[in-house]
**Student:** 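Before anything else, here's the structure in question.
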Amino acid sequence: LVLGVLVLFAGSLLVLAGTSAPLLSGLFGNPFAVDIDYYTRTMTPVAVTVLILLAMFPAFRWNQGLSRQLLLAFGLLTGLVVALVLVILEVTWHLGYLALIVAAIWAACSNTPLLIERLREKRIGGAFLAHIGLAVALIGAVASSGLSHSRTLTLSKSHSANALGYHLTYTGFVETP
């Protein structure tokens, strides 16, 4: 728990530094803002670390230490297989995105069996559900922004271009009511 709090605190300091950059740099001359890549570079390791901690959480029991090694191994193996498939299919080679996907799948796979166990026992499994929810949300964030491909084209009328495997021709603008 303490390690998780320290990681989140470090992440909050990185965000504070990024959002305060215009203010702080303005004190010493020309103010500047950090690029969006700053947050990707700094927060990806924080997110991966948090997800790894969430993946390991269910494998430990109070006063028993590591008691569910198979749970850890299954989740990690599942995440690695998905990452390997993404690389083979050439969806992405970006190590940060792959690490996020592996860690998120690992966290979801480690927490899901314990959530199901709690629900069958009619006990509260809120922590497990929250951990799964965070993992799924980060998988969605990677899939929607990190794994998407886009390209901006400027075409004049009757001109063509190829982009992302498509042949595009601008034929004009039609206004619809």
Side-chain angles (χ1 to χ4, degrees), residues 1-57 75-76 79-80 82-111 126-157 159-170 172-176:
L1 181 63
V2 172
L3 187 56
V5 169
L6 290 174
V7 171
L8 291 175
F9 180 70
S12 67
L13 290 178
L14 291 169
V15 171
L16 179 65
T19 56
S20 299
L23 257 170
L24 297 174
S25 61
L27 295 174
F28 302 105
N30 211 9
F32 68 90
V34 296
D35 190 28
I36 193 73
D37 286 343
Y38 165 82
Y39 297 102
T40 302
R41 286 190 319 271
T42 58
M43 295 311 293
T44 298
V46 171
V48 169
T49 305
V50 167
L51 287 167
I52 290 171
L53 292 173
L54 294 181
M56 296 176 71
F57 163 75
L76 180 58
L80 290 171
V82 170
L84 182 62
V85 168
L86 292 174
V87 168
I88 289 170
L89 295 176
E90 297 182 6
V91 174
T92 186
W93 289 85
H94 191 281
L95 291 179
Y97 296 145
L98 291 170
L100 268 169
I101 289 168
V102 169
I105 290 173
W106 186 14
C109 288
S110 295
N111 283 276
F128 302 115
L129 181 60
H131 295 169
I132 294 166
L134 180 60
V136 170
L138 288 175
I139 289 170
V142 169
S144 67
S145 64
L147 302 181
S148 65
H149 301 285
S150 64
R151 185 166 171 207
T152 302
L153 296 174
T154 304
L155 296 174
S156 54
K157 193 169 182 176
H159 285 90
S160 300
N162 293 317
L164 304 172
Y166 293 95
H167 181 76
L168 306 166
T169 303
Y170 179 57
F173 176 72
V174 177
E175 192 171 325
T176 56

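Hydrogens, waters and symmetry mates play no part in the numbers below; they use all other heavy atoms, side chains included.
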**Student:** Report the C-alpha distance between V34 and Y39 in whole Å, list the side-chain angles of each, state the deciding distance to 0.1 Å, and finish with yes or no for side-chain contact (heavy atoms from CB on, under 4.5 Å).
**Tutor:** CA-CA 8 Å; V34 296; Y39 297 102; 3.8 Å; yes

**Student:** For a quick test of reading the model, state the closest non-hydrogen atom pair linking M43 to G11 and the distance between them.
**Tutor:** SD-O, 3.7 Å

**Student:** Which atom names give the shortest non-hydrogen contact between A135 and A104, and what distance separates them?
**Tutor:** CB-O, 3.3 Å

**Student:** Above 12 or not: heavy atoms from other molecules or residues under 6.0 Å from CG of L95?
**Tutor:** no

**Student:** For the OG atom of S20 and the CG atom of L13, what is their distance to the nearest 0.5 Å?
**Tutor:** 10.5 Å

**Student:** State which residues pass side chain to side chain contact (heavy atoms under 4.5 Å, CB included) with L138; sequence neighbours excluded, sorted by chain then number.
**Tutor:** A47, L51, L134

**Student:** Are any non-hydrogen side-chain atoms of L14 and Y38 less than 4.5 angstrom apart?
**Tutor:** yes

**Student:** Kindly indicate whether the side chain of W106, heavy atoms from C-beta on, has any atom under 4.5 Å from the side chain of L80.
**Tutor:** no

**Student:** Indicate the atoms forming the closest heavy-atom contact of P22 with P31, along with that distance.
**Tutor:** O-CB, 3.4 Å

**Student:** Can you tell if the side chain of T154 reaches within under 4.5 Å of the side chain of Y170, non-hydrogen atoms only?
**Tutor:** no

**Student:** In Å and rounded to the nearest 0.5 Å, what is the CG to CE distance from L3 to M56?
**Tutor:** 9.5 Å

**Student:** Using 0.5 Å steps for rounding, measure from the CD1 atom of I105 to the CD1 atom of I139.
**Tutor:** 5.0 Å

**Student:** Take atom CD1 in I36; do more than 12 heavy atoms of anything else shown fall under 6.0 Å from it?
**Tutor:** no

**Student:** Do L76 and V102 make a side-chain contact, defined as non-hydrogen atoms from C-beta onward lying under 4.5 Å apart?
**Tutor:** yes

**Student:** Does the H159 side chain pair with the main chain of K157, one donor and one acceptor, at a distance under 3.5 Å?
**Tutor:** yes

**Student:** Evaluate the side-chain proximity of V46 to V7: yes if any heavy-atom separation is below 4.5 Å, no if none is.
**Tutor:** yes

**Student:** Looking only at heavy atoms, what is the nearest atom pair of S110 and G75, with distance?
**Tutor:** OG-CA, 4.5 Å

**Student:** With rounding to the nearest 0.5 Å, note down the distance linking CG in L54 to CZ in F128.
**Tutor:** 11.5 Å

**Student:** For the residue pair T49 and P45, what are the closest heavy atoms and their distance?
**Tutor:** OG1-O, 2.7 Å

